[in-house]
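Notes to accompany the following structure.
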Amino acid sequence: MTSGLENVSYEFITSTQQLIDITPNLENSPTVSVDTEGNNLDPYQAKLLLLQLATPEKSFVIDCTKVDLGPIKPVLEAEKPLKILQNAKFDYSLLKVQRGITLGSIYDTMIAERLITCGLSREISLKTIAEKYLGLKLEKVTRESFTDPKNPALRGKFSKEQLDYAARDAYILLEIFKKQLKQLKEQDLIDVAKLEFKVVSVVAEMELKGSLIDIQKWRTHIKELEEKRNEISREIQKELRPLANFTQVDLFGNESDTVNLDSPLQLLEAFKKLGVELPNTSEATLQKCDHPLAKILLEYRGYEKMITAFGETILEKINPITGRLHPDFLQLGADTGRFACNNPNLQQIPADSGFRSCFVASPGYKLITADYSQVELRIMAEVSEDPVFLEAFRTDQDLHTLTASQMFRIPIDKVDKNKRFQAKSINFGLMYGRGPASLAVQIGVSVDEARELLDVYFKTYRSVKRWLDNIGRSAVKNGYVRTLGGRKRAFTLPDKDHVDYLKLIGGIERQGKNTPIQGTSADITKYALVFIYEEFKKRSLDAYLIHTVHDEIVSEAREDIAEEVARIIEGQMIRAGELLLKKCPVKVEVKVSDYWEK
DNA sequence: GGGCCGAGCCAC
DNA sequence: AAACGTGGCTCGGCCC
């Protein structure tokens with residue numbers, strides 16, 4: 001079953017001359033799998049220990065503590081052979097930072113697996129795919145042994161076990177690659193796979209560059225929030241003090257006459273003394289509560305949340321070597337194809353608070369923020385071919401105002417704020433498969449009125465309704481949907497006799513409606529990232545991608561070329577949009593600034 | 001004391 | 001309160 005894959009024969013390279021001798025083996029192979037071992041996950045702090053290379057004919061394990069990788073730099077940086085890696089971003093970053101070597105072309109087995117499973121599974125580890133494709137049960141990997149500070153490998157002493165595993169991890173990728181490729185072809189995923197593989201190195205470079213944060217400004221902002229929170233806290237305590245007998249005793253026996261506002265237990269007790277019996281202190285409960293204290297408490301929580309979620313914790317992630325933030329961009333974080341981001345998640349920095357403006361350009365540089373204007377609604381116009389929607393975008397009108405005008409049968413200049421808001425709520429809500437009940441809550445009308453509004457809306461935009469109905473049905477009928485970039489998302493269909501059958505089907509219909517829209521937006525942004533990166537490289541510009549938030553791309557460029565770079569970014573983003581949107585025009589808004597602007 | 005999960009809230 | 005899509009982070013509560 002496992003056909004000798006457990007024990008791969010390999011050559012251990014411990015001198016530069018040996019490496020020179022094997023270079024032809026690599027140059028003449030169509031594919032070479034690549035793996036690295038370092039002693040740290042952070043490419044800036046890691047020491048490169050081993051580099052494993054495997055061709056179908058022969059495998060090599062290179063002792064990077066002794067060997068100069070210069071002789072194989074050209075073959076790694078060339079388009080051919082194709083480099084096959086599991087989670088290539090890691091190896092790319094390590095090789096780039098520690099040896100100045102990049103990888104010219106990438107096939108990533110982890111990314112490929114995410115495309116192949118397309119939402120049905122998130123099991124994409126090497127362990128999982130080795131078993132799936134090769135029937136191979138990998139023993140617990142010795143990767144941890146490399147990161148142990150006491151590990152002799154740090155001094156260039158490798159155990160036979162370490163070397164064997166290292167060689168095997170590289171070699172098996174060749175076999176996995178062949179089987180995955182068949183799957184990618186069968187599922188018609190080659191185009192999107194090519195895109196994703198190009199995105200890998202762009203994301204690696206983006207992460208390596210990272211974002212600069214103005215620490216002083218950030219701390220000042222936290223302090224302002226803390227002051228506001230403390231002020232509210234004092235106000236609350238003042239209300240409570242006259243009630244007395246609130247003596248709390250902490251772990252050290254210290255007595256306090258204040259209530260811990262973060263303790264639900266103490267809060268309930270306090271409310272009780274005020275004559276208010278509450279079942280709990282959840283947001284909903286407090287919202288319904290008439291007592292003025294409830295309102296202020298919610299305000300307190302708002303500040304508290306900001307401070308804990310975006311306070312000092314983000315500053316702790318600043319890299320000690322670069323002094324910048326290097327978040328982890330998860331290229332296929334969402335099943336729709338969108339990025340996710342963590343450590344820290346820079347995709348959820350509050351948009352309208354003082355936090356964003358703390359992200360700044362390096363001295364002598366500018367930040368360029370570029371975002372697609374209403375890209376998801378434009379995608380809906382494209383896929384539905386709705387004549388009214390398309391016309392609105394072709395003539396660059398305000399879609400929400402136009403929608404309101406048509407729904408309520410009033411002239412454009414008679415559309416007030418409320419009617420525009422209602423139309424906007426429907427326009428956006430549709431993309432989420434939103435129903436009358438939730439719409440009613442948002443725009444403050446009864447459910448019947450909301451249903452009425454939706455009816456009118458769909459009479460105006462018949463093609464939109466037809467498209468939404470069809471795509472929802474096809475998600476259930478076929479078990480999957482696709483984006484305009486060819487990306488696929490599959491669904492696990494419930495059994496007909498499942499107790500929640502209708503509920504589950506409803507969920508799949510909504511996902512089926514949303515995924516082509518959200519996922520096409522992801523396709524476009526990813527093409528744009530690749531185009532922009534290639535353009536920067538081709539022109540050798542002192543400009544760098546540093547961040548992306550779904551329909552937005554942030555770059556940093558030297559001051560004197562910032563305006564030129566802004567035009568390049570805009571052009572490449574439009575080019576990416578037009579690659580997938582043929583009927584609906586694409587619009588991009590670009591800003592050049594000293595900080596991250598919304 | 002660590003893992004897991006839901007609630008609640010941040011983004012698009 | 002409630003049939004609104006995609007994520008991550010923090011907290012509190014629960015379990016082992």
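The sequence lines fix the lettering, A, B, ..., with proteins before strands; numbering per chain opens at 1.
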Specify the separation, in whole Å, of atom [atom1] of [X] and atom [atom2] of [N].
X        : N     : atom1 : atom2 : result
A/Leu454 : C/dC4 : CG    : C1'   : 12 Å
A/Lys513 : C/dA3 : NZ    : P     : 16 Å
A/Ile349 : C/dG7 : CD1   : P     : 19 Å
A/Arg510 : C/dC4 : CZ    : C1'   : 7 Å
A/Glu376 : C/dG7 : CD    : P     : 13 Å
A/Phe339 : C/dG5 : CZ    : P     : 23 Å
A/Phe491 : C/dG5 : CZ    : P     : 12 Å
A/Leu330 : C/dT6 : CG    : P     : 16 Å

Taking atom types as modelled, is there a side-chain donor on [X] or [Y] under 3.5 Å from an acceptor on the other?
X        : Y        : answer
A/Thr403 : A/Tyr461 : yes
A/Arg114 : A/Gln331 : no
A/Thr109 : A/Gln86  : yes
A/Tyr457 : A/Asn427 : yes

Taking only side-chain N and O atoms of [X], does any of them lie within less than 4.0 angstrom of OP1 or OP2 on [N]?
X        : N      : result
A/Thr313 : C/dT10 : yes
A/Gln348 : C/dC9  : no
A/Arg338 : C/dG8  : no

Distance between P atoms of C/dA3 and B/dC5 (Å, rounded)
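Their P atoms lie roughly 23 Å apart.
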
With a non-hydrogen cut-off below 4.0 angstrom, is [X] in contact with a base, only sugar-phosphate, or nothing?
X        : result
A/Gln518 : base
A/Arg122 : sugar-phosphate
A/Asn343 : sugar-phosphate

Nucleic acid contacts - residues 424-444 of chain A versus DNA chain B, non-hydrogen atoms under 4.0 Å:
none

For A/Asp398 and A/Arg420, run salt bridge (Lys or Arg N to Asp or Glu O under 4.0 Å): C-alpha distance rounded to whole Å, both residues' side-chain angles, the deciding distance at 0.1 Å, then the answer.
CA-CA 10 Å; A/Asp398 181 308; A/Arg420 184 180 184 275; 2.9 Å; yes

Assert: residue with more 5' nearest nucleotide on DNA chain C, out of A/Asn342 and A/Thr336, is A/Thr336

Ignoring the backbone of A/Met306, work out which of B/dA11, C/dG7, B/dC10 is nearest its side chain.
B/dC10

Among B/dC12, C/dT6, C/dC9, find the nucleotide with the atom closest to the side chain of A/Asn345.
C/dC9

Suppose we screen for side chain to side chain donor-acceptor pair (under 3.5 Å). Which residues come up paired with A/Asp551, at least two apart in sequence or across chains?
none

Rounded to the nearest 0.5 Å, what separation is found between the CD1 atom of A/Ile129 and the CD1 atom of A/Ile116?
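Between atom CD1 of A/Ile129 and atom CD1 of A/Ile116 there are 8.5 Å.
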
What distance do A/Phe329 atom CZ and A/Asn345 atom CG have between them, rounded to the nearest 0.5 Å?
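Going from CZ on A/Phe329 over to CG on A/Asn345, the span is 9.0 Å.
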
